[in-house]
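To keep things clear, I will list the structure first and then write my remarks on it.
In listed order, ligands and their atoms are each counted from 1. Nothing here was measured: the structure is a model prediction, and the numbers come from that model.
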Amino acid sequence: MRAVYYEKFTALPTIETVSDPTPSPTGVVVKVEATGLCRSDWHGWMGHDPDIKLPHVPGHELAGTIHAVGRDVKTLKLGDRVTVPFVSGCGHCPQCAAGQQQICDNQVQPGFTCWGSFAEYVALEFADLNVVKLPDAMSFDTAAALGCRFVTSFSAVIDKGRCQPGEWVAVHGCGGVGLSAIMIASAIGAQVIAVDLTDEKLALAKALGATATVNASGGVKVANAIRDLTGGGAHLSIDALGHSVTAMNSVRSLRKRGRHVQVGLMLAEHARAPLPMDRIIAFELEIKGSHGMQAHRYPEMLRMIAQGILQPEKLVAKTIPLDAAPAALAAMDRFEGTGITIIRP
Ligand SMILES: [Zn+2]
Ligand SMILES: [Zn+2]
């Protein structure tokens with residue numbers, strides 16, 4: 001099969017012909033129809049993720065059809081249209097037993113712990129537990145756009161953030177994660193304030209439901225601006241970027257007993273970001289991480305999409321062929337663009 005392949009971190013990947021994957025007894029192989037290009041792939045390629053062993057094939061936001069089925073798989077058959085959370089749970093650890101497969105103790109992450117979906121085929125493990133069948137009406141591009149970003153935002157807003165109608169929600173960073181969070185929070189009736197550095201992304205945030213925007217460029221005091229807009233601070237604030245500054249701004253923009261959810265990955269020099277612990281105590285703030293969403297939470301999200309309450313297809317900015325993926329991956333830090341780029345292998 002053809003795949004985006006690299007043997008060295010930070011060196012431009014190439015398109016190579018590599019061996020087709022075969023399914024493990026409890027796994028499947030999916031023919032990839034669409035796969036999202038994500039900042040996590042860029043972090044991996046930069047060498048920020050210790051799980052990645054070289055050589056490597058990236059890609060973790062995939063949709064496609066079942067191409068081969070392991071002998072012990074019971075619920076999936078050839079041709080099924082599917083996607084998968086970026087973390088596949090093992091099914092037998094304490095986290096999986098508690099229904100929290102997204103933080104499984106033995107997690108498999110295609111594109112990180114093993115080869116991923118920037119390829120014609122990808123192997124998935126523990127398929128019965130993790131692979132999600134797609135509604136017939138959902139395109140592969142839209143399903144790939146659920147990726148890690150939309151589903152992680154769904155879990156962050158609904159499950160971890162416990163977002164309620166009428167609440168003020170601040171979303172720091174309007175990339176794929178942030179725009180997803182804005183759409184989801186506003187869809188359930190929250191008032192969302194979008195924060196970013198560019199007016200172009202803020203305009204898209206408004207189109208997706210944001211009530212107000214804050215352009216954080218030029219030394220604007222973001223937390224003060226949000227406290228002014230909300231009459232005292234947001235009930236829920238999400239750092240959708242993953243940066244020391246946005247994490248601090250997010251926590252400082254909360255009202256008393258507010259909830260901060262960290263969704264943007266904190267890697268490299270941001271891994272030990274400082275937080276205002278004095279305020280966290282005085283305001284009784286909650287700080288939570290969000291590491292994706294388990295497969296058994298997908299049906300509620302898919303129902304909201306089927307009803308038109310959520311429209312992830314609006315986040316797809318463009319589609320590119322596999323041959324364009326290496327350059328697009330390498331350029332992510334410079335030109336993230338607005339919305340989600342989908343690769344069609
Ligand atoms: Zn597990
Ligand atoms: Zn991702």
Q) More than 12 foreign heavy atoms under 6.0 Å from NZ of K314: is that the case here? A) no
Q: Using a cut-off of 2.8 Å, find all protein N, O or S atoms closer to the Zn ion (ligand 2) than that distance.
A: C38 SG, H60 NE2, E61 OE2, C148 SG
Q. What closest approach, in Å, do G44 and I52 show between heavy atoms, and which atom pair accounts for it?
A. CA-CD1, 3.4 Å
(Q) Which residue is it: I320, L322, D141? I am looking for the one with a side-chain contact (heavy atoms from CB on, under 4.5 Å) to R344. (A) D141
Q. Which protein N, O or S atoms lie under 2.8 Å from the Zn ion (ligand 1), given by chain and residue number?
A. C90 SG, C93 SG, C96 SG, C104 SG
Q: Tell me whether the centres of the aromatic rings in H56 and F118 are closer together than 6.0 Å.
A: no
Q: List the steps and the verdict of side-chain hydrogen bond (donor to acceptor under 3.5 Å, both in side chains) for D72 and T26.
A: CA-CA 5 Å; D72 296 334; T26 58; over 6 Å; no
Q: Please determine, by modelled atom types, if H260 and S237 share a side-chain donor-acceptor pair under 3.5 angstrom.
A: no
Q: Measure from the side-chain N and O atoms of T83 to the backbone N and O of A63, and report whether any donor-acceptor pair falls under 3.5 Å.
A: no
(Q) A quick test of your reading: do over 12 heavy atoms of other residues, nucleotides or ligands sit less than 6.0 Å from CD of E200? (A) no
Q. Under the 3.5 angstrom rule, does the side chain of R255 hit a backbone N or O of T230 as a donor-acceptor pair?
A. yes
